Protein chains: 2
Amino acid sequence: MLFSKTCEYGIRAAVYIASQSDKTEKTGIEEICENIEAPRHFTAKILQILTRNHLLSSQKGVNGGFYMTAEQLKQPMIALVEAIEGKEVLSKCGLGLKACSETEPCPLHNKYASIRNNIKQMLSGMTIKDMAVSLQTGKAFLKID
Amino acid sequence: MLFSKTCEYGIRAAVYIASQSDKTEKTGIEEICENIEAPRHFTAKILQILTRNHLLSSQKGVNGGFYMTAEQLKQPMIALVEAIEGKEVLSKCGLGLKACSETEPCPLHNKYASIRNNIKQMLSGMTIKDMAVSLQTGKAFLKID
DNA sequence: TTAAATAAGGATGTTTTTGTCTTTTATTGT
DNA sequence: ACAATAAAAGACAAAAACATCCTTATTTAA
C-alpha cells in the first residue's frame, strides 16, 4: 500500500546492511537477500540505485560488498524512500489530480495532507540506524527463522 | 502512493455520481468520465465492481446509468477502498513481511500501525456523501474547468 | 414490437513493475 | 601478473496494472 515492492526490498536491505555495520567485513548481496528474503538480482539493482545516491557504499572484488558509513547510518528513512520512489511521491494528490492544490483542493485534500504529514514525520524521524538498532536488540525482525 | 489508479478513479467516479444524486436522471458513464477525467472503458469496469459490491446502483437501457441510494450515500470511503483494493490492504505489513506481527514486528511496525490507523480513521470517518457535499458547495473539486 | 440506449462482460492490447540471466568492470589475495 | 570474487550494467522475461474494443444483455421510449 504505502511502499512499492522495490521500496520494501530497498528499505529491508539497507536496514540489514546497517545492522551489520559494526563488523569489519562488508556484506555481500547473497547474504543480504537470504536475510531479508528478497529476490537476488532485483535487490542488487535496487542497491545500485541506493549506492548511486550515496545512501549505501559498496566495493567490488574479493572481500567486497555493501556497507554504510557513520554518515549514511544517520540518514533518515525518507532519504531511502525518495531515492527509490522519487521526491514527488510524498506531495502528490491523494486522488491523483494534477490540478489539486490548496486553492482548488480535491475532496480528500485536507485530511490526506495531514496523513501525508504523519508519514513524512515518521520517515524523517527515524534514521536507518534506529531501525538497525531495533533489529540488533531483538526488538524487531526482518525474517523469522 | 496510497491508492492505485483503479482506486483513484473509483473514488472519483463514486463521488461524482453521489454529487449528482439529487437529480432524478441517472448518470451515464460518458458524463462521469468527462467530469472526472478518467478513461471511459477502464472506469466502466471499476464501476462494475462497485455495483456488484452494492456500493453503487445501476440501470441498463434508455435513460439508464449509475445512481446511489440514500443508504449507499451513507457508506464510508473505506467501503470503496476495500471493495477495490481488497479488505487486507489496510492491515498488511508496511515492509511487506508475511510474518510481521505484534510479537515479531518489523522495525517499522509500531509507527506504521499508527499511520495506518490514521488512514483507517480518515476513510471510516468520511462518507461518500460528505465528499459529494464538498463538491456541491464548491469547497472542493474533481476537475478544474 | 422494434430500435435505440446503456450497463455488463469478455477478449485483447499496452505499459509498468517485478524478477532473472549473462556479461563486464573493479578489486584483491596469492 | 593472475585467478577469484563481487558489484555494476545490460538484455531479457513474467506478472500485474492499466486501458481499449467488441459483443451481449437489459430496458425503455416510440
Side-chain angles (χ1 to χ4, degrees), chain A residues 1-14 16-17 20 24-34 36-68 81 84-86 89 92 95-96, chain B residues 1-14 16-17 20 24-34 36-68 81 83-86 88-89 92 95-96:
Chain A
M1 170 143 200
L2 210 48
F3 302 125
S4 65
K5 279 282 164 207
T6 306
C7 202
E8 286 177 4
Y9 295 147
I11 294 174
R12 281 153 58 183
Y16 179 76
I17 295 165
Q20 302 298 304
T24 51
E25 313 93 62
K26 302 174 185 68
T27 312
I29 186 69
E30 204 69 61
E31 176 189 340
I32 294 165
C33 291
E34 270 165 26
I36 68 171
E37 284 171 332
R40 164 84 169 68
H41 298 282
F42 189 46
T43 305
K45 291 248 181 281
I46 300 165
L47 295 192
Q48 279 180 39
I49 295 170
L50 295 180
T51 302
R52 266 187 239 119
N53 280 273
H54 309 293
L55 293 167
L56 292 180
S57 305
S58 70
Q59 185 165 24
K60 293 185 185 177
V62 179
N63 296 324
F66 295 91
Y67 63 101
M68 294 180 77
V81 175
I84 294 171
E85 310 268 31
V89 76
K92 283 197 199 136
L95 292 185
Chain B
M1 172 144 199
L2 211 49
F3 303 126
S4 64
K5 279 282 164 208
T6 306
C7 202
E8 286 177 3
Y9 295 148
I11 293 173
R12 281 153 58 182
Y16 179 77
I17 295 166
Q20 302 299 304
T24 51
E25 315 94 61
K26 301 173 185 68
T27 312
I29 188 67
E30 204 69 60
E31 176 189 340
I32 293 165
C33 290
E34 269 165 28
I36 67 171
E37 284 170 333
R40 164 84 169 67
H41 297 282
F42 189 47
T43 304
K45 292 256 181 271
I46 300 165
L47 296 192
Q48 278 180 39
I49 295 170
L50 296 179
T51 302
R52 268 188 237 119
N53 280 273
H54 310 293
L55 293 167
L56 292 180
S57 306
S58 70
Q59 184 164 25
K60 293 183 185 177
V62 178
N63 296 325
F66 295 91
Y67 63 100
M68 295 180 76
V81 174
I84 293 172
E85 311 268 31
E88 337 71 45
V89 77
K92 282 197 199 134
L95 293 184

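Lettering follows sequence order; numbering is per chain, from 1. These numbers were taken from a predicted model, which means no experiment stands behind them.
- Put simply, the side chain of A:Y9 does not reach to within 4.5 Å of the side chain of A:L47, judged on heavy atoms.
- Distance CZ (B:F42) to C1' (D:dC22): 18 Å, rounded to an integer number of Å.
- No side-chain heavy atom of B:N53 sits less than 4.5 Å from a side-chain heavy atom of B:I84.
- Regarding contacts with the backbone of C:dT18, a side-chain N or O of A:T6 is found under 4.0 angstrom from either OP1 or OP2.
- Atom CD1 of B:I17 is separated from atom P of C:dT6 by 15 Å (rounded to the nearest Å).
- Using a 4.0 Å heavy-atom cutoff across all strands shown, B:G61 reaches at least one base atom of the nucleic acid.
- A:S58 has a side-chain polar atom (N or O) that falls below the 4.0 Å cut-off from OP1 or OP2 of D:dA8.
- For D:dA9, the base has a donor-acceptor partner in the side chain of A:Q48 [N/O atoms by modelled type, under 3.5 angstrom].
- Among the atoms of the strands shown, only primed sugar atoms or phosphate atoms (P, OP1, OP2) are found under 4.0 Å from some heavy atom of B:I29.
- Using a 4.0 Å heavy-atom distance criterion, B:K26 is classed as making no nucleic acid contact.
- At whole-Å resolution of the value, CD in A:E25 and P in C:dG29 are 13 Å apart.
- The separation between A:K60 atom NZ and C:dT27 atom P is 7 Å, rounded to whole Å.
- Side chain to side chain, B:Y16 and B:E31 meet the donor-acceptor criterion of an N or O pair below 3.5 Å.
- In this structure, B:R40 contributes its side chain and B:C33 its backbone to no donor-acceptor pair below 3.5 Å.
- Rounded to an integer number of Å, the gap from A:Y67 OH to C:dT27 P is 11 Å.
- Whole-Å rounding puts the B:H41 NE2 to D:dT20 P distance at 7 Å.
- Residue A:K45 places its side chain closer to C:dT20 than to any other of C:dT20, D:dA7, C:dG9.
- The nearest heavy atom of DNA chain D to A:R52 and to A:V62 marks one nucleotide each, and the one closer to the 5' end goes with A:V62.
- Distances shown here put every side-chain N or O of B:Y9 at or beyond 4.0 Å from the OP1 or OP2 atom of D:dC18.
- The distance from atom CD1 of B:I49 to atom P of C:dA7 is 16 Å, rounded to the nearest whole Å.
- Considering only side-chain atoms of B:K5, the nucleotide from C:dG19, D:dA19, C:dA8 that sits closest is D:dA19.
- In this structure, B:S57 reaches neither bases nor backbone, as no heavy-atom distance under 4.0 Å exists between it and the strands shown.
- Put simply, CG on A:L56 is 12 Å from P on D:dA7, counting in whole angstrom units.
- Using a 4.5 Å heavy-atom threshold, the side chains of B:I11 and B:V81 count as touching.
- DNA chain D is contacted by both A:Q59 and B:N63; A:Q59 maps to the nucleotide lying nearer its 5′ end (nearest heavy atom per residue).
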